[in-house]
Amino acid sequence: MFVVSEILSVVFGGLVPGFLLGLLAFRVKSRWCPRCGAYTEPVHDADRR
């Protein structure tokens with residue numbers, strides 16, 4: 001039982017800092033106009049080309 005708790009602590013010890021770094025590195029772009037609410041980026045994949 002001690003081995004399982006040790007493995008879980010190692011796994012979560014690596015996941016938590018990785019999650020926090022990813023959260024802090026994430027940049028939110030404005031995808032819609034704050035005035036009219038229209039999308040500022042193409043909605044469909046075919047429109048992005």
Inset, instruction - With sequence neighbours excluded, tell me which residues meet side-chain contact (heavy atoms from CB on, under 4.5 Å) with L21. - result: none
Legend entry - V10-L15 co-clustered via ILVMFWY side chain contacts under 4.5 Å: no
Legend entry - Those residues that, when tested against L20, pass side-chain contact (heavy atoms from CB on, under 4.5 Å) (two or more places apart): V16
